[in-house]
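Every value quoted in this text rests on a predicted model; they were computed, and no experiment measured them.
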Amino acid sequence: WQTGRMDNAQKFYINGAWVAPQSSETLDVINPATEEAIATIALGNQADLDSAVAAAKAAFPSFASTTPEERSELLGKIIEVYKTRMGDLAKTVSQEMGAPMGLASAAQAPSGLGHLMATKKALDEMEWQEELGSTTVVYEPIGVCGFITPWNWPLNQIVAKVAPAIAAGCTMVLKPSEVAPLNALIFAEILDEAGVPAGVFNLVNGDGPTVGAALSAHPDVDMMSFTGSTRAGVLVAEAAAPTVKRVAQELGGKSANVILDDVNVAEVVGRDMFGMHEQRPVVQRRQPDAGASSMMEEAMAVAAGVANSIPVGQPDAGVAIGPVVSELQYNKIQALIQKGIDEVQPYGLKRPRQAGRTRDGLFRQANRLRERHQRHDDHLHAKIFGPVITMLGYDTEDEAVEIANDTVYGLSGYVSAADQNRAIAMARRLLHRHGAHQRRSSRQQRSVRWLQAVR
């Protein structure tokens, strides 16, 4: 790992300085393309976390009293420094979580810059006080914020939390994913160089059961923002409950994509195989005319062709799919695929090997699974985080709605239709609650309201 300061990998950023951990625990960061360690990070404990929270708490009064103009100027400085580290960030993300360099350079690293720029614009336009009748409403920073972020879009999730907190005048403690923590260390270097006041931003690496749990439960943390699995989100909410802190979460949901029968199947399925692996395409089963292929059969044929054409390999080799992020995740994908093979009709499952290499790397070819009758199986509802797409069939639009809404946590929803009116009508039905197990996130409600018909 040469894109950040190597000596910072085993330190934490607390109160404006890189400090030695109070814990002696460490963890190797593995490059999934080679399965070799590229760095070793320190893992924090309760004492490390307490120090970070104390720094954030002490810094809050002065930072909260800064003007919006001062915070906007600070965001501008962060933006300028961030631009100089874009190459470092992209390379690091690619090394630690396997994103192809094209994706890391065009999307992963720029996503953080986009959040910084959008937040600065929002801050510049923000009205901090408004009159409602005889009442004056004033918007104020909430206090010390705790942030826990995942590995899959690390910079996107980190900056989407940190930038608004700075804009609002909050102070914070970040625990990034221990699977992909190095980009967060570079981001801390960026904030330090940009002159973020001491104690405003603090970073402690660690695992969820230790640092994540301590951060969620800490009495001096006023708000928790968590992005990750539904299971972990429940634990965060439970840990935060005794101190009655505010909790904002974006949890794991496998989004339904209802494909109506008026679309160009090749266009829609081809697009979605490249861009929406973390979804459940819901496709019409019927056979439109005697002797014609059903929509499901056509969709599966297109999906198979696209999947077999997607290049898989080393992330720096111009491929579309790099390695799976970790051996643990690879084994999880394998287990879910095997479960699918046991229950549904499989299409072309294989693990390519890299010729001339002594180690495989954690690679998976894109795969398709077709549903039979097991609608409630894990491979249909679990967020696999791998190049696997599962298609479910429906006979009527009522059944399509039932399938799409059959989820514990709805992250988002999609409708593909040539007729925009049909798309909007179907999307509105995906907003409705259907029984006690149907829950909707604010992100889902936003996603399905913003529609563009596929023509």
Non-hydrogen side-chain atoms of [X] and [Y] separated by less than 4.5 Å:
X: F60; Y: P141; answer: yes
X: H218; Y: L49; answer: yes
X: F63; Y: L74; answer: yes
X: V269; Y: P281; answer: no
X: L89; Y: L155; answer: yes
X: D192; Y: V196; answer: no
X: D124; Y: K121; answer: no
X: D398; Y: R429; answer: yes

Flag the pair [X] and [Y] as a salt bridge only when some basic side-chain nitrogen lies within less than 4.0 angstrom of an acidic carboxylate oxygen.
X: R422; Y: E397; answer: yes
X: R85; Y: D88; answer: yes
X: K83; Y: E80; answer: yes
X: R271; Y: E267; answer: no

Q: Please assess N31 against E96 for the test side-chain hydrogen bond (donor to acceptor under 3.5 Å, both in side chains), listing each intermediate value before the final yes or no.
A: CA-CA 5 Å; N31 181 338; E96 63 185 338; over 6 Å; no
Q. Using the ring of each side chain (for Trp, its six-membered ring), is F201 parallel, tilted or perpendicular to Y13, with breaks at 30° and 60°?
A.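 Plane angle between 30° and 60°, so tilted.
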Q | Stepwise side-chain contact (heavy atoms from CB on, under 4.5 Å) check, I186 with L182 | A | CA-CA 7 Å; I186 294 178; L182 303 179; 5.9 Å; no
Q: Please indicate whether M117 has more than 12 foreign heavy atoms, meaning atoms of other residues, nucleotides or ligands, lying under 6.0 Å from its CE.
A: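 No - once you tally the heavy atoms of other residues, nucleotides and ligands closer than 6.0 Å, there are 12 at most.
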Q: Give a yes or no on whether E127 atom CD has more than 12 heavy-atom contacts from other residues, nucleotides or ligands under 6.0 Å away.
A: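 Atom CD in E127 is not packed in, count stays at 12 or less.
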Atom pair [atom1]/[atom2] of [X] and [Y] - distance to nearest 0.5 Å:
X: E69; Y: R71; atom1: CD; atom2: CZ; result: 8.5 Å
X: H115; Y: I158; atom1: NE2; atom2: CD1; result: 11.0 Å
X: Q249; Y: S229; atom1: CD; atom2: OG; result: 9.5 Å
X: I14; Y: D50; atom1: CD1; atom2: CG; result: 10.0 Å
X: D406; Y: I403; atom1: CG; atom2: CD1; result: 8.5 Å
X: Y82; Y: I190; atom1: OH; atom2: CD1; result: 6.0 Å

So, for [X] and [Y], which heavy atoms are closest and what is the spacing to 0.1 Å?
X: A180; Y: W151; value: CB-CB, 4.0 Å
X: L430; Y: Y414; value: CD1-O, 4.2 Å
X: L203; Y: P176; value: CG-CD, 4.2 Å
X: D419; Y: D262; value: N-OD2, 3.1 Å
X: A167; Y: L75; value: CB-CD1, 4.1 Å
X: T171; Y: A56; value: OG1-O, 2.8 Å

Are the side chain of [X] and the backbone N or O of [Y] linked by a donor-acceptor pair below 3.5 Å?
X: K175; Y: G206; result: yes
X: R280; Y: A404; result: yes
X: S94; Y: A99; result: yes
X: K77; Y: L191; result: no
X: T66; Y: S62; result: no
X: D48; Y: Q22; result: yes
X: D28; Y: I30; result: no
X: N202; Y: N15; result: yes
X: S105; Y: A90; result: no
X: R246; Y: S225; result: no

Q: Test K161 against every option in T227, T149, N156 by the side chain to side chain donor-acceptor pair (under 3.5 Å) rule and name the one that passes.
A: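 Result: among T227, T149, N156, T227 is the only option passing the side chain to side chain donor-acceptor pair (under 3.5 Å) with K161.
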Q.
What I want to check is whether the side chains of Y139 and E130 have a donor and an acceptor closer together than 3.5 Å.
A.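 A pair is found: one side chain offers a donor N or O, the other an acceptor, under 3.5 Å apart.
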Q) Would T40 and V29 satisfy side-chain contact (heavy atoms from CB on, under 4.5 Å), going step by step from the backbone distance to the final call? A) CA-CA 6 Å; T40 300; V29 180; over 6 Å; no
Q: Determine which pairs satisfy salt bridge (charged side-chain N to carboxylate O under 4.0 Å, His left out) with at least one residue from residues 203-230, sequence neighbours left out, and list them in order.
A: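 Listed once each, the pairs are K57-D220.
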Q) So S416 and N257, side-chain hydrogen bond (donor to acceptor under 3.5 Å, both in side chains) or not? Walk me through it. A) CA-CA 7 Å; S416 298; N257 176 20; 3.3 Å; yes
**Q.** Stepwise side-chain contact (heavy atoms from CB on, under 4.5 Å) check, W18 with L185
**A.** CA-CA 10 Å; W18 292 96; L185 296 175; 3.9 Å; yes
Q: Kindly indicate, with the supporting measurements, whether the criterion side-chain contact (heavy atoms from CB on, under 4.5 Å) is fulfilled by V144 and M172.
A: CA-CA 5 Å; V144 177; M172 66 214 77; over 6 Å; no
